[in-house]
Amino acid sequence: MAALRARCVLLTGSNRGIGLELVRQLLERPHPPTHVFATCRDPEGPRGKELRDLASKHPNLMLVKLDVANPSAIVSAAKIVEGKLNGAGLNLLINNAGIFTPVSLETVDSEEMIQAYKTNAVGPLLMAQAFLPLLKKAAQDSKEKGLSCNKAAIINISTVMGSIERTPESYFKPVISYRCSKAALNMLTRCQALTYGEAGILCVALHPGWVKTDMGTQEADLTVDTSVQGLLSVLPILSEKHSGTLLNWEGKAIPW
Ligand code: NDP
């Protein structure tokens, strides 16, 4: 099986749920990345405790404060990461942070729609813009042919709920702001793939499954451990043929 050999990885929303488990499993790999930048809104506060505990055991883990709904915070975080990388590039950007509010067409309002877009679609767009020079640097420095997560990649954690074709079967959960913002993220992924592919950057949207987290609730199908094991086994098999597509945690394609 292909191995994930990305040297420098950055994740958003990494203080709990899928993001925290991605950080944990990345660090526990036999050959972990040299740099894992785990970003979250409040690394110094109570919600950052598990990340701080991990950082005390793993010198390759760096915590960076980052609210993806705040454009200037994204620019500041990119400067901090650039300084820490000391001339190296960023191989893997995982846009994981997301919000989910149980609102229907009847109950949603403009504030909720805007907040969902800011976090779930605009955040990943601005993250890619801000970290693009570091991703390009990683692609240029790599000797690998083609596109891969080992070279340079943007992974947008999306959802089947953003798939227009698959909406009827899951519409018992309307979650309208979430669905629309993740459909926008899916479109963003396709456009990023078309734009950034020339620079050697792979862009893929991944659905982690229905996962037992604060967002997924304990009724969900998958443990966070199983979902993240799946996601981490999909990353190393991704290549140019997957760029601009939506896949699930088992690597199966999901229609737009
Ligand atoms: P959780 O609700 O458990 O965690 C969400 C994470 O996102 C938290 O770390 C939260 O930080 C962070 N976050 C939210 N808003 C922001 C922001 N503005 N800036 C930075 N961080 C932010 O969710 P999951 O772990 O379940 O979900 C992770 C991703 O997976 C999301 O994109 C979600 O849409 C997707 N997904 C999840 C599914 C599931 O079943 N769980 C199914 C399909 C997709 P804080 O602690 O500060 O709030």
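As the structure lists them, so they are numbered: ligands from 1, and atoms in each ligand from 1. We number each residue from 1, following the sequence as shown.
The distance from ligand 1 to the heavy atoms of S158 drops below 4.0 Å at these ligand atoms: 43 (C), 44 (C). Heavy-atom proximity to Y178, at under 4.0 Å, picks out these atoms of ligand 1: 33 (C), 34 (O), 35 (C), 36 (N), 43 (C), 44 (C). Against a heavy-atom cut-off of under 4.0 Å, A69 is close to the following atoms of ligand 1: 18 (N). Set against the non-hydrogen atoms of I157, the atoms of ligand 1 under 4.0 Å away are 29 (C), 30 (O), 32 (O), 35 (C). Counting atoms of ligand 1 from 1 in the listed order, those under 4.0 Å from a heavy atom of L66 are 19 (N), 20 (C). Applying the 4.0 Å criterion to heavy atoms of W210 picks out, from ligand 1, the atoms 40 (O).
Distance alone, capped at 3.5 Å, places no donor-acceptor pair between the R5 side chain and the P33 backbone. A distance-only check finds a donor-acceptor pair linking the side chain of T39 to the backbone of L11 [under 3.5 Å]. Listed for the N91 side chain is no donor-acceptor partner under 3.5 Å among the backbone atoms of V9. The backbone N or O of N150 sits less than 3.5 Å from a side-chain atom of S148, completing a donor-acceptor pair.
Considering backbone and side-chain N/O atoms, N15 comes within less than 3.5 Å of an N/O atom of ligand 1. Considering backbone and side-chain N/O atoms, N96 comes within less than 3.5 Å of an N/O atom of ligand 1. Geometrically, ligand 1 and G17 share no nitrogen or oxygen pair separated by less than 3.5 Å. Considering backbone and side-chain N/O atoms, I18 comes within less than 3.5 Å of an N/O atom of ligand 1. Between V68 and ligand 1, at least one pair of N/O atoms sits closer than 3.5 Å. Checking only distances, G13 does come within under 3.5 Å of ligand 1, N or O to N or O. For ligand 1, the polar-atom distance check finds no N/O of T159 at less than 3.5 Å from any of the ligand's N/O atoms. Taking distance alone, with nitrogen or oxygen atoms compared against 3.5 Å, D67 approaches ligand 1 more closely than that limit.
Note on ligand 1: G209 sits in its first shell, one or more heavy atoms being nearer than 4.0 Å. Within the 4.0 Å heavy-atom shell around ligand 1 one does not find F100. A heavy-atom separation below 4.0 Å is not found between K118 and ligand 1.
Applying the 6.0 Å contact sphere to CD of E198 captures no more than 12 heavy atoms from other residues, nucleotides or ligands. Within a 6.0 Å sphere centred on CG of L194, other residues, nucleotides and ligands contribute more than 12 heavy atoms. Heavy atoms from other residues, nucleotides or ligands lying under 6.0 Å from CD of E240 number more than 12.
Here the side chains of S158 and K182 are in contact, with some heavy-atom distance below 4.5 Å. Two residues are said to be in side-chain contact when any heavy atoms from C-beta on lie closer than 4.5 Å; C40 and L51 meet this criterion.
Evaluated by nearest non-hydrogen atom to atom 24 (P) of ligand 1, the leading choice among D214, T213, L22 is T213. When E219, M215, R41 are checked for heavy-atom proximity to atom 33 (C) of ligand 1, M215 turns out nearest. The nearest non-hydrogen atom to atom 22 (C) of ligand 1, considering only A73, A97, S227, comes from A97.
Neither the backbone nor the side chain of C40 comes within 4.0 Å of ligand 1, counting heavy atoms alone. Here K182 has side-chain heavy atoms under 4.0 Å from ligand 1, and that is the only part of it that gets that close. Residue contacts with ligand 1 for H207 involve side-chain atoms from C-beta outward but no N, CA, C or O (heavy atoms, distance under 4.0 Å).
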